[in-house]
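Beneath this line is the structure, given in C-alpha cells, with notes to follow.
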Protein chains: 2
Amino acid sequence: MIQTTSEENYLKTIFHHAGLSNNAVTTNDIAASLGTKAASVTEMLKKLSAQKLIRYKKYNGVTLTDSGTKQALLIVRKHRLWEYFLVEKLKFSWDEIHEVAEQLEHIQSETLVERLDTFLEHPRFDPHGDPIPDKKGIIKKSDSQKLIDVTEKKEAIVNLVTDQPELLRYLSKIGISIGSKLKVIEKNSFDQSMLLLINGKSKVHISSSIANNISVQF
Amino acid sequence: MIQTTSEENYLKTIFHHAGLSNNAVTTNDIAASLGTKAASVTEMLKKLSAQKLIRYKKYNGVTLTDSGTKQALLIVRKHRLWEYFLVEKLKFSWDEIHEVAEQLEHIQSETLVERLDTFLEHPRFDPHGDPIPDKKGIIKKSDSQKLIDVTEKKEAIVNLVTDQPELLRYLSKIGISIGSKLKVIEKNSFDQSMLLLINGKSKVHISSSIANNISVQF
DNA sequence: ATATAAATTTAGGCAAACCTAAAAATAATA
DNA sequence: TATTATTTTTAGGTTTGCCTAAATTTATAT
C-alpha cells in the first residue's frame, strides 16, 4: 500500500491533530496545518477514504481507520528516526532538523528504515523527546524517564520525585510538584544543570543532582 | 536554483550519456534511459533550456551548459555519498543500494550533504569505485589507489607496481602487468586476499601483501 | 425561530509531467 | 536523387494536487 508524498502528509497531519484517542479532525484544521485550502482537503479526503485510510462523512470531519493509523505511525517512525540520525550522527542542531526530516520521511524503503533503526541502536525517543513507534507502529507506553535524560526543548510532566523531604521542600518552593509541566529550555553540557520553564510561567535553574531525582513522562 | 525531481533526473541522465567530454545526447536516448517517451523529453528539454541548463536546438540533441554540468555533478555527488552511507554504515549490500540512493539524491539540503560528507569522513569513491565529486562539483583526477583498497566488483587498470624484481616476476607469471585490467571479484575479509579477473579472462587469487604493492587507476 | 456567520463541498481551472497520434525534419538506401 | 525509414516535434489528452468562486450545510446569535 504505497502512498504519494501528499497522501502521506495528509495522513500524518490528521494523526497529529487526532492524537492517540483519535478524535475527529476538521477540514479547516487540516488545511491550516498543511498550508492548503479547504477545497483541496475535501478532495484528498475522498481519496483517502476510498483507500479506507480514514472514515469520512461529508461535513463531519474525519477519523483514521486502524489501517490509516498504522500508516501514519510508520511515517512518524521514519520522521523521528531520521531526526535522531540528523542530531546524533550528523550533528545537526535541534532546530535545523525538521525541514530535512520532512523530506527524508517520504523515502520508500522498508529495508532502509529497519537498517537505520539498527544502525542507531533502536532509539526510543527522538531529539525532541517524542517516542519513536516500532516497526509495527506501536508506541511503547510512555513510561517515565529521568528528567536528567530529557532532551532540550521537550515538554514533560512530573511523574515522581524521589522521596527525600529536603528535596521535596526545595521543589515545592520553586514551584515543582507532581503534575507540573516542565519544558527543558537549556541543558548545560558542563555540569548537566538545566534551565526549566515551569507550567509555562516561571524559569528555574536546577542542578544535575536534582534533575536526577525527578521522573517525568510525556 | 532549485529543480524538481524530474528535472534533476533529466540532468543526471544527460550527464551520464554525455560523459565528461560532454557529447551531444539524443532525445531518444534520454527517453530510453528514463523510461519515458520522446515527446515528453522534448517538452522537458525546452524547460531545461529556458533555465540555461542545457543547450538545445531542435532536432540537434543537447549538451549541458557549465551550469547544467555543475548541477548534474552535485546530484551525482549526493547519489554516491548516500550509496557510500548505505553500504558502510547501514550494511546494505552492493546490489540493494541503487533504488534507495535514487530517492535520497533528491533531498534538498546543502547542509545535509555537507554534514553527511563530514560524517563519512570525505570518501573519495562510492561502493562501485566511482569517484565522488566535491562540493564544487569537481571530480579529482583519477589518481591511483592501492589495489588493496579497491572495492569489490570494481574494474581498475594497473598503474604502477612496486619495483621489486621478485614481485614483478611473479606478477608477469600470473598475467598481471602495467595496463592490465583487473576486476575485483571477491575480497576475503579475513586475510585481505583477493580474487581477481584479469583482462576479462583468467581468475587469480592474490595475497594482501601483493595487493598492497600494486597501484591501479579507474 | 430566523437571520447571519462560518465551515464545507462542488464546480470549473491551472501547471507539471506524463501519454498517443499525427506532422515535420533528418537520415539512410535503392 | 528520390523514396523510404527513423527521429523528433507538435498537438491534443490524462492525472495529481493545487486554486478561486459559488453553492450548500451546519453553527451561532439575536
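Being a predicted model, the structure only gives us computed values, none of them experimental. A note on names: the letters A, B, ... follow the listed sequences, proteins ahead of strands, and every chain is numbered from 1.
With salt bridges taken as basic N to acidic carboxylate O contacts below 4.0 Å, none links E186(A) and K203(A). The residues E43(B) and K37(B) are annotated as not salt-bridged, no charged nitrogen and carboxylate oxygen being separated by less than 4.0 angstrom.
Comparing the end axes of the helix from dA1(C)-dT30(D) to dA30(C)-dT1(D), each fitted to five base pairs by superposing C1' atoms of four pairs onto the next four, gives an inter-axis angle of 10° (nearest 10 degrees).
Taking atom NZ on K46(A) and atom C1' on dT15(D), their separation rounds to 16 Å, with Å as the unit. Nucleotide dA23(D) holds its P atom 16 Å from the NZ atom of K58(A), rounded to whole Å. The distance between atom NZ of K57(B) and atom P of dT9(D), rounded to the nearest whole Å, is 12 Å. L45(B) has its CG atom 16 Å from the P atom of dA16(C), to the nearest Å. At whole-Å resolution of the value, CG in N60(B) and P in dA25(C) are 13 Å apart.
Aromatic ring pairs are classed by plane angle as parallel below 30°, tilted from 30° to 60° and perpendicular above 60°; the pair F85(A) and F119(B) is perpendicular.
Environment of CD in Q192(B): crowded, with over 12 heavy atoms of neighbouring residues, nucleotides or ligands closer than 6.0 Å. Counting non-hydrogen atoms of neighbouring residues, nucleotides and ligands closer than 6.0 angstrom, the CD atom of E114(A) exceeds 12 such neighbours. Counting heavy atoms of neighbouring residues, nucleotides and ligands inside a 6.0 Å radius, atom CG of D66(A) does not exceed 12 of them. In the displayed structure, K183(B) atom NZ is contacted under 6.0 Å by at most 12 heavy atoms of other residues, nucleotides or ligands. Under a cut-off of 6.0 angstrom, the local environment of NZ in K146(A) is sparse, with at most 12 non-hydrogen atoms contributed by other residues, nucleotides or ligands.
Residues of residues 23-33 of chain B having a heavy atom closer than 4.0 Å to DNA chain D, listed by number: T26(B), T27(B), N28(B).
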Base, backbone or nothing for each nucleotide of nucleotides 17-23 of chain C, written B, S, -, heavy atoms under 4.0 angstrom, 5' to 3'? BBBB---
Could you walk me through whether N9(B) and H106(B) satisfy the side chain to side chain donor-acceptor pair (under 3.5 Å) test, starting with their C-alpha distance in whole Å, then the side-chain angles of each, then the deciding distance to 0.1 Å, before giving a yes or no? CA-CA 9 Å; N9(B) 282 332; H106(B) 299 295; 2.9 Å; yes
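I210(A) contributes atom CD1, which lies 10.0 Å from atom CG of L196(A) (distance to the nearest 0.5 angstrom).
Using modelled atom types and a 3.5 Å distance limit, the side chains of E7(A) and Q51(A) yield a donor-acceptor pair.
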